Amino acid sequence: MYGVAVLACVFVLCSAQPPPVPKIPETFYTNVFVELHSAAGTIFGKGNFAQDFKAGHLAEAATTEDGTVYLGLDLYDKGEAYVYRAPKNEAPSCQSRPLTGTISPYWGWVANATFRGYFPDPYTHRNLSVWYFEPGFGSRLELGVAEDDPNLPVFNNLYRTSGDSKVYFFTFYAITPAAGNFTVPADCQTAKHG
């Protein structure tokens, strides 16, 4: 009887092991739903994120419910970063700043993440493996990946004292994005570093 109890405990411990740490591709294109929370309120939007890691390009684009277009564009090969904002009924604005070094892995933090557990996804009705990492300064990153496809991101959340951002991935393609995703908007061509 004692041997059966020990085997049952070993089975439970083995089956309770966390899954392997996700290895999400650094070059990708994805369609997203974004949710931003701050003291000023909550903003919802849809868009796409694209990263060409080898080229050193990252684009995060979204259009909010009120029609405002946002684009964050990092072009390490040109040493430039842009933040473009175009409200529906106002003139667009663009700020730029110099970039140095090389692009950081978008998912680099995941290697240091801790498994939080399995949770149901209310949208896809799949079980998700949820991982978190606390880099300091009161912030926490969370990643949800499909339990049956552990390298497929479903959500990525950032919690900070200044506000939270939540990104839900509708699609995720491990492909080199089209070059057009990294085109500098015309209004940014003359932007001064700010």
Side-chain angles (χ1 to χ4, degrees), residues 24 26-109 121-124 135-144 153-173 175-194:
I24 302 171
E26 291 294 345
T27 294
F28 60 86
Y29 178 86
T30 181
N31 295 301
V32 297
F33 176 78
V34 294
E35 184 178 332
L36 307 172
H37 300 274
S38 70
T42 299
I43 298 172
F44 297 97
K46 291 181 181 178
N48 57 63
F49 290 1
Q51 179 166 280
D52 183 339
F53 191 74
K54 186 176 177 183
H57 296 165
L58 171 64
E60 296 176 319
T63 301
T64 62
E65 290 178 322
D66 70 359
T68 301
V69 175
Y70 291 91
L71 172 64
L73 187 59
D74 293 347
L75 303 174
Y76 280 86
D77 61 331
K78 294 180 175 24
E80 294 283 336
Y82 300 91
V83 176
Y84 175 78
R85 182 176 177 270
K88 188 174 184 177
N89 297 315
E90 298 176 29
S93 65
C94 187
Q95 297 177 333
S96 69
R97 65 178 170 81
L99 282 178
T100 58
T102 58
I103 192 168
S104 297
Y106 197 88
W107 306 106
W109 64 272
D121 178 11
Y123 301 107
T124 64
F137 307 105
S139 62
R140 183 177 81 239
L141 292 156
E142 281 185 347
L143 170 69
V154 175
F155 72 79
N156 186 28
N157 299 335
L158 171 59
Y159 300 98
R160 304 178 285 214
T161 54
S162 61
D164 305 333
S165 64
K166 299 179 179 188
V167 178
Y168 185 84
F169 301 96
F170 286 108
T171 61
F172 187 89
Y173 304 104
I175 60 171
T176 301
N181 289 287
F182 309 109
T183 300
V184 177
D187 293 311
C188 293
Q189 299 291 337
T190 59
K192 304 274 191 255
H193 291 166

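From a predicted model like this one, the values you see are computed outputs, not experimental measurements. The chain is numbered in sequence order, starting from 1.
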Worksheet item: What's the spacing between E80 CD and D74 CG if we round to 0.5 Å?
Response: 10.5 Å
Discussion item. Could you measure the distance from the CD atom of E60 to the OG atom of S165? Nearest 0.5 Å is fine.
Written reply: 9.0 Å
Fill in: Residue list, side-chain hydrogen bond (donor to acceptor under 3.5 Å, both in side chains) with T27, at least two apart or on another chain
none
Worksheet item: Among all residues two or more places apart in sequence or in another chain, which pass the side-chain hydrogen bond (donor to acceptor under 3.5 Å, both in side chains) test with D121?
Response: T124, Y168
Worksheet item: Does any N or O in the side chain of Q189 come within less than 3.5 Å of the main-chain N or O of V184, such that one atom is a donor and the other an acceptor?
Response: yes
Heavy-atom pair with the smallest gap, counting every atom of [X] and [Y]:
X    : Y    : value
E142 : W109 : C-CH2, 3.7 Å
L58  : Q51  : CD1-OE1, 3.7 Å
P92  : A86  : CB-CB, 3.8 Å
D77  : A55  : CB-O, 3.8 Å

Worksheet item: Should Y84 and L73 be marked as a side chain to side chain contact (heavy atoms under 4.5 Å, CB included) after you check the CA-CA gap, both sets of side-chain angles, and the distance that decides it?
Response: CA-CA 8 Å; Y84 175 78; L73 187 59; over 6 Å; no
Practice prompt. Using only heavy-atom distances, determine whether the side chains of N31 and T171 contain a donor-acceptor pair under 3.5 Å.
Written response: yes
Discussion item. Go through it in stages, so that I can follow the logic: the residues are N156 and Y106, the test is side chain to side chain contact (heavy atoms under 4.5 Å, CB included), and I'd like the CA-CA distance, side-chain angles, deciding distance and then a yes or no.
Written reply: CA-CA 11 Å; N156 186 28; Y106 197 88; 4.2 Å; yes
Worksheet item: Under 30°, 30 to 60°, or over 60°: which ring-plane class applies to F49 and F169, parallel, tilted or perpendicular?
Response: perpendicular
Item to complete: If the plane angle is over 60° it's perpendicular, under 30° parallel, otherwise tilted; pick one for W107 and F28.
Response: tilted
Worksheet item: Can you tell me if CZ on F170 sees more than 12 non-hydrogen neighbours from other groups inside 6.0 Å?
Response: yes
